[in-house]
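Lettering follows sequence order; numbering is per chain, from 1.
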2 protein chains.
Amino acid sequence: MDSSTIPAAISDGVRERILSAARAEFAQCGFGAASVRTIAQRAETTAAMINYYFGGKQALYDTVVADAQGRLFARLAAAIAAGGREGLPVRLALAHFDFLVEERELQRLLLRQMLDQGGAVRERSEALVGPLTRLMHEHFGDRDAARELAVSMFGAISGYFIYEPVLGAFLGQDPLSPERLAARRRHIAELTMLLERSTQ
Amino acid sequence: MDSSTIPAAISDGVRERILSAARAEFAQCGFGAASVRTIAQRAETTAAMINYYFGGKQALYDTVVADAQGRLFARLAAAIAAGGREGLPVRLALAHFDFLVEERELQRLLLRQMLDQGGAVRERSEALVGPLTRLMHEHFGDRDAARELAVSMFGAISGYFIYEPVLGAFLGQDPLSPERLAARRRHIAELTMLLERSTQ
DNA sequence: GCCCCTGTTAAACACTCGTTTAGAACGGTT
DNA sequence: AACCGTTCTAAACGAGTGTTTAACAGGGGC
C-alpha cells in the first residue's frame with residue numbers, strides 16, 4: 001500500500017508512478033483481474049498514459065515482472081558473491097528470507113506469474129535459474145541430494161510467507177511481527193546448517 | 001484438463017458438470033480472471049444455469065473452495081487417525097505430498113485463494129487449522145521448535161509443486177515424471193525423519 | 001511569427017463481464 | 001383436461017474492459 005502512494009509523491013515521473021502502481025495492483029489482483037483504469041487512478045493519471053508509455057496492459061505487466069525477477073536474482077547473486085565457500089547455504093537462505101520480508105509485494109507478483117503463466121515461466125526460467133544453478137554446482141558439486149535439499153529449503157522459506165494467512169491460527173501469534181520474523185530467521189539459519197551437515 | 005471433460009461425460013448432472021468445470025477454470029485463471037461464460041461452455045450449458053444452481057459467480061467459487069479445503073483436510077485427518085504416535089510426522093508429510101500429486105488442480109485453487117483473499121482465509125482458517133493443530137499438540141506437545149519444523153515441512157513439500165515450472169531447469173529433468181516424484185517422495189520421508197530426530 | 005515534437009486529456013470504440021428476465025419445454029398431479 | 005413446479009434457453013441490461021482517437025497545451029528551433 002505504501003509503495004504506491006509514498007514513492008508516487010516523491011518521484012513524480014509519470015512512468016515511475018505507473019510502474020509502482022502497476023506493481024502493487026498486479027501483485028494484489030493478478031494480471032487478469034487488475035484493471036488499467038485502477039492502475040492509472042493509483043498513479044494519478046489516465047489509462048491512456050499506460051498505452052503511451054508501455055504500449056498496453058500486457059507490456060506493462062511484462063516490464064513489472066521482469067523487474068521483479070531481476071531484483072530477486074540480484075539479491076541471490078549478491079549472496080553468492082559475498083564470500084567464499086564457507087557458510088554459503090546459510091547466506092543464500094537468509095538472502096532469500098530477507099528478500100521476502102522486505103519485498104512481500106514482489107513475492108506475490110512472482111507467485112502469481114508462476115500460477116498464471118507457468119508455461120511462459122518455464123521458457124524464461126533457463127536465463128534466471130541457469131546462472132544460479134551453475135554457481136551452486138561450483139560450490140556443492142551436482143549431487144542429487146544437494147539439489148533436493150536446496151528445493152526443500154527454498155520451499156520452507158517461502159512457504160512461511162505463502163501460508164501466512166493460515167499460520168496465525170497455527171502459531172498463535174502474528175506471523176509477521178518483528179519478534180516472530182526474527183525467530184523464524186534463526187530457525188531458517190539453524191535448519192540450513194543442520195541439513196548441510198546431513199549431506200556430508 | 002481431463003477433470004473437466006471426462007467427468008462431465010460420465011455424470012451428466014448439470015450441477016456436477018458446472019462444479020467440475022468451475023474447479024478447473026478457477027484453478028487455472030483465478031476468481032477474477034475466470035468468466036462464468038467460459039465455465040458454462042466447459043460444462044456445456046449456459047451462464048444462466050450457474051446463477052440458477054448457485055446464485056452467482058461468488059457463491060459458486062465459495063462452494064468450489066470449501067469443497068477443496070474439505071478434501072485436503074480430510075486427507076490430513078485420515079493420516080493422523082491412521083495409526084498411533086509412531087511415525088506420525090512421516091505419515092502427515094506423505095499424505096500432504098500425495099494429495100498434491102493427485103490433486104494438483106486443488107493446490108492451485110487453494111493457493112490462489114490464499115493470494116486473492118488472504119483476509120477471508122485468515123477468518124476461516126481457525127475452523128480448518130484448529131482441529132489439525134490440536135491433534136498435533138496431542139502428539140508433539142506445543143513446543144515452538146515442533147511448530148516451526150511443521151511449517152518448514154509443509155513449505156518444503158508444497159514448494160516443489162509451486163516452483164515446478166522453474167525446477168525443470170534446476171533439476172535437469174521433468175519434475176513431474178513418475179521417477180522424479182518417487183525420488184522426491186523418498187526425500188520428503190527421509191527429511192521428515194531427520195528433522196524429527198533433531199528435536200528430540 | 002510559425003512549426004514540430006512531446007506529454008496529456010477526455011471522449012469514444014467495440015467488446016466482455018455478471019446478472020436478470022421472459023418464455024418455452026417437460027413430467028407429474030389433480 | 002388444465003395446472004403446477006422444475007429445468008433450461010435466448011435475449012437483453014447496464015457496467016466495466018483494453019485500446020484508439022482527436023484535440024489540446026507548451027516549450028524549443030528556425
Quiz item: Can you check the A:Met49 CE to C:dA10 P distance for me, whole Å?
Solution: 11 Å

Exercise. Report the distance from atom CZ of B:Arg15 to atom P of D:dC8, rounded to the nearest whole Å.
Key: 12 Å

Quiz prompt | Side chain of B:Ala47 - closest among D:dT9, C:dT19, C:dT9 | solution = C:dT19

Practice problem: Please check if any side-chain donor atom of B:Ser152 sits under 3.5 Å from a side-chain acceptor atom of A:His187, or the reverse. | Solution: yes

Quiz item: Is the closest side-chain donor-acceptor distance between B:His137 and B:Arg147 under 3.5 Å?
Solution: yes

Provide a list of protein-nucleic acid N or O atom pairs under 3.5 angstrom, restricted to nucleotides 15-18 of chain C.
unit_1, atom_1, unit_2, atom_2, d
C:dC17, OP1, B:Ser35, OG, 3.3
C:dG18, OP1, B:Ala34, O, 3.2
C:dG18, OP1, B:Val36, N, 3.3
C:dG18, OP1, B:Lys57, NZ, 2.9
C:dG18, OP2, B:Val36, N, 2.9
C:dG18, N7, B:Arg37, NH1, 2.7
C:dG18, O6, B:Arg37, NH2, 2.9

Quiz item: Of A:Ala48 and A:Tyr52, whose nearest nucleotide on DNA chain C comes first from the 5' end?
Solution: A:Tyr52

Practice problem: Establish, with yes or no, whether the OP1 or OP2 oxygen of C:dT8 is under 4.0 angstrom from a side-chain nitrogen or oxygen of A:Tyr53. | Solution: yes

Quiz item: If you take all heavy atoms of B:Arg15 and B:Tyr53, which pair is closest and at what distance?
Solution: CG-CD2, 3.8 Å

Quiz item: Taking CD from A:Glu25 and P from D:dG18, how many angstroms apart are they, rounded to a whole number?
Solution: 10 Å

Quiz item: Whole Å only: how far is the CD1 atom of B:Ile50 from the P atom of D:dC8?
Solution: 13 Å

Quiz item: Between A:Thr46 and C:dT8, does any side-chain N or O lie under 4.0 Å from OP1 or OP2?
Solution: no

Self-check item: salt_bridge(B:Arg17, B:Glu44) N-O dist < 4.0 Å
Solution: no

Self-check item: Considering all heavy atoms, the nearest A:Leu106-A:Ala68 contact
Solution: CD2-CB, 3.8 Å

Self-check item: Distance-only polar pair, side chains of A:Tyr61 and A:Arg23, donor-acceptor under 3.5 Å
Solution: no

Exercise. Rounded to the nearest angstrom, tell me the gap between atom CD in A:Gln41 and atom C1' in C:dA10.
Key: 15 Å

